[in-house]
Amino acid sequence: GGDMAAVHGGYDFNQDSTKTSEVKNNTVIIKNGNLQVDAITGGAAIYGSVSDNRVIIEKGDIGGGTIAGGAVEQGTVFNNHVEIKGETFIDSIKIIGGQVGDGNAYGNSVSIDADINTDEMVCGAMAQNGNVNNNIVNINNGEISDVFGGLVEVGKGYENAYDISQNGVIIKNAKADAVYGGYFSDDAGMADAAKVRENYVVVGADGKVEGELVAGASEDNADVINNKVILCKNSEVRGTVVAAVTNDKEAEISGNSINLLQQADVSGTDLYGYYKATNNTYNNNLVIDKGWSGVANSVQNFNNINFN
């Protein structure tokens, strides 16, 4: 136990952008450890490819800055994983499967099966200038503040088209304040048209979300297409559930859905197919399973209500 700056399974210190690095197949295992640390990464680099790295924490007491399966400033981060299990206490620390500044992130994951309580973000993968695809967060225990399947927060000076797709969050036997399948943010408003598509949030048995749940979200210029919320048997949601939201009046909002399965409790919930309509909004659906019965606080902005 003790304090330290960082723990890395593998790290490439190359600072020459013309020479790319490959950091892969590294693992950090912390068991019965007590650490205050700025960063824990399975693999990290300044330039290049970071893949197939893993952080495993079991029965630990960890505080500090960030846990990441893989991280790179410029390059690609893929197939990196964070697993937290057992009697583990996490205090004020971000947990990220894959993190990249300038580049793409795909196939990364975070899996939590521990009685943790953190007020920091949990994210499958995040990027400042790149695509974020096929990343996932599985939470089977604990209390979490904000959860993102995939997140793009566009950094200053970047202006590209971005794809935030097929990212997901599955939460059961746990509690979260806010959950987002795919999320796009561009504070400078310089990005070309982005797409937030085919992201999902599943709330399973004994899963609770008390605040905000959104399958596909964009603060700026992005189409939001085919994102899905699934509320399963014995799940409970309070606050607001939205299939799709974007602030771009010209964006497409289509094919998004909220699915209510047996005994999903939405009695304290406002359900939205989309939060605000654009000039191209259609085919956003509330799908009600034939075994579901109950009430919602309100049901708004659906193009169709279907009964299965």
Side-chain angles (χ1 to χ4, degrees), residues 112-113 115-124 136-149 151 167-183 185 196 199-219 224 226-247 253 255-277 281 284-308:
I112 297 174
D113 192 358
D115 189 18
I116 75 169
N117 190 324
T118 178
D119 58 2
E120 293 288 346
M121 173 181 67
V122 175
C123 184
I136 188 169
V137 176
N138 272 294
I139 301 175
N140 295 312
N141 202 349
E143 295 187 12
I144 313 294
S145 178
D146 297 340
V147 185
F148 299 83
L151 170 64
N167 304 287
V169 176
I170 301 173
I171 179 170
K172 59 183 180 180
N173 193 38
K175 178 182 174 182
D177 295 331
V179 180
Y180 307 92
Y183 196 102
S185 172
V196 180
N199 303 285
Y200 60 92
V201 175
V202 178
V203 184
D206 297 316
K208 296 181 180 181
V209 179
E210 298 185 352
E212 185 173 60
L213 188 161
V214 185
S218 170
E219 295 182 10
V224 184
N226 293 340
N227 301 281
K228 182 180 291 188
V229 174
I230 301 175
L231 304 179
C232 299
K233 181 178 180 180
N234 297 328
S235 62
E236 181 180 343
V237 181
R238 296 286 183 268
T240 304
V241 177
V242 188
V245 60
T246 181
N247 287 328
I253 301 178
N256 304 285
S257 66
I258 296 175
N259 296 58
L260 298 179
L261 304 184
Q262 298 179 32
Q263 285 82 54
D265 183 353
V266 293
S267 57
T269 308
D270 297 305
L271 302 175
Y272 291 84
Y274 50 90
Y275 198 68
K276 292 187 293 185
T281 298
N284 299 284
N285 304 300
L286 175 61
V287 181
I288 300 175
D289 184 80
K290 64 181 180 181
W292 183 85
S293 64
V295 297
N297 192 51
S298 69
V299 176
Q300 305 179 56
N301 296 354
F302 291 93
N303 301 111
N304 306 291
I305 297 179
N306 302 322
F307 296 88
N308 281 352

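In this text the structure is predicted, and so the values were computed from the model without any measurement. As a basis for the values below, the full set of heavy atoms in this structure was taken, side chains included, without hydrogen atoms, waters or symmetry mates. For the single chain, residues carry numbers from 1 onward in sequence order.
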What is the distance from atom [atom1] of [X] to atom [atom2] of [Y], rounded to the nearest 0.5 Å?
X	Y	atom1	atom2	value
Glu143	Ile116	CD	CD1	10.0 Å
Asn256	Asn226	CG	CG	6.5 Å
Arg238	Thr269	CZ	OG1	6.0 Å
Glu236	Asp206	CD	CG	9.5 Å
Ile136	Tyr200	CD1	OH	3.5 Å
Asp119	Ile144	CG	CD1	10.0 Å

Note to self: Apply side-chain contact (heavy atoms from CB on, under 4.5 Å) to residues Ile258 and Phe302 and explain how you reach the verdict.
What the structure shows: CA-CA 9 Å; Ile258 296 175; Phe302 291 93; 3.8 Å; yes
Closest approach of [X] and [Y], non-hydrogen atoms and distance?
X	Y	answer
Gln262	Asp289	CG-OD2, 3.6 Å
Trp292	Val295	CH2-N, 3.9 Å
Met121	Leu151	SD-CD2, 3.9 Å
Gly204	Cys232	CA-CB, 3.9 Å
Ala243	Gly273	CB-O, 3.2 Å
Glu219	Ser185	OE1-OG, 3.2 Å

Check: Residues in side chain to side chain contact (heavy atoms under 4.5 Å, CB included) with Ser293, at least two apart?
Finding: none
Next item on the list: Check side chain to side chain contact (heavy atoms under 4.5 Å, CB included) between Lys276 and all other residues, then give those that pass, not counting sequence neighbours.
Entry: Asn247
With a 3.5 Å distance limit and no angle check, can you tell me whether [X] reaches the backbone of [Y] through a side-chain donor-acceptor pair?
X	Y	answer
Asn304	Asn306	no
Asp265	Ser267	yes
Asn303	Asn284	yes
Thr246	Val224	no
Asn301	Tyr274	yes
Asn199	Asn167	yes

Notebook entry, point to check: Are any of the side-chain heavy atoms of Val241 and Val266 separated by less than 4.5 Å?
Noted result: no
Check: Per the side chain to side chain contact (heavy atoms under 4.5 Å, CB included) rule, which among Ile253, Val242, Val196, Val245 passes with Asn227?
Finding: Val196
Note to self: Going by side chain to side chain contact (heavy atoms under 4.5 Å, CB included), Ile139 matches just one of Asp113, Ile170, Ile171. Which one?
What the structure shows: Ile171
Next item on the list: Assign the ring pair Tyr183 / Tyr180 to parallel, tilted or perpendicular, where the plane angle (0 to 90°) is split at 30° and 60°.
Entry: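 Correct class here is perpendicular.
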Note to self: Side chains of Asp270 and Ser298 only: does a donor on one sit below 3.5 Å from an acceptor on the other?
What the structure shows: yes
Next item on the list: Would you check, one step at a time, whether the test side-chain contact (heavy atoms from CB on, under 4.5 Å) holds for Val237 with Val229?
Entry: CA-CA 12 Å; Val237 181; Val229 174; over 6 Å; no
Next item on the list: Step by step, work out the side-chain contact (heavy atoms from CB on, under 4.5 Å) result for Asn234 and Gln263.
Entry: CA-CA 5 Å; Asn234 297 328; Gln263 285 82 54; 3.9 Å; yes
Next item on the list: Give the C-alpha distance, both sets of side-chain angles, the deciding distance and a yes or no for side-chain contact (heavy atoms from CB on, under 4.5 Å) between Asn173 and Asn140.
Entry: CA-CA 5 Å; Asn173 193 38; Asn140 295 312; 5.6 Å; no
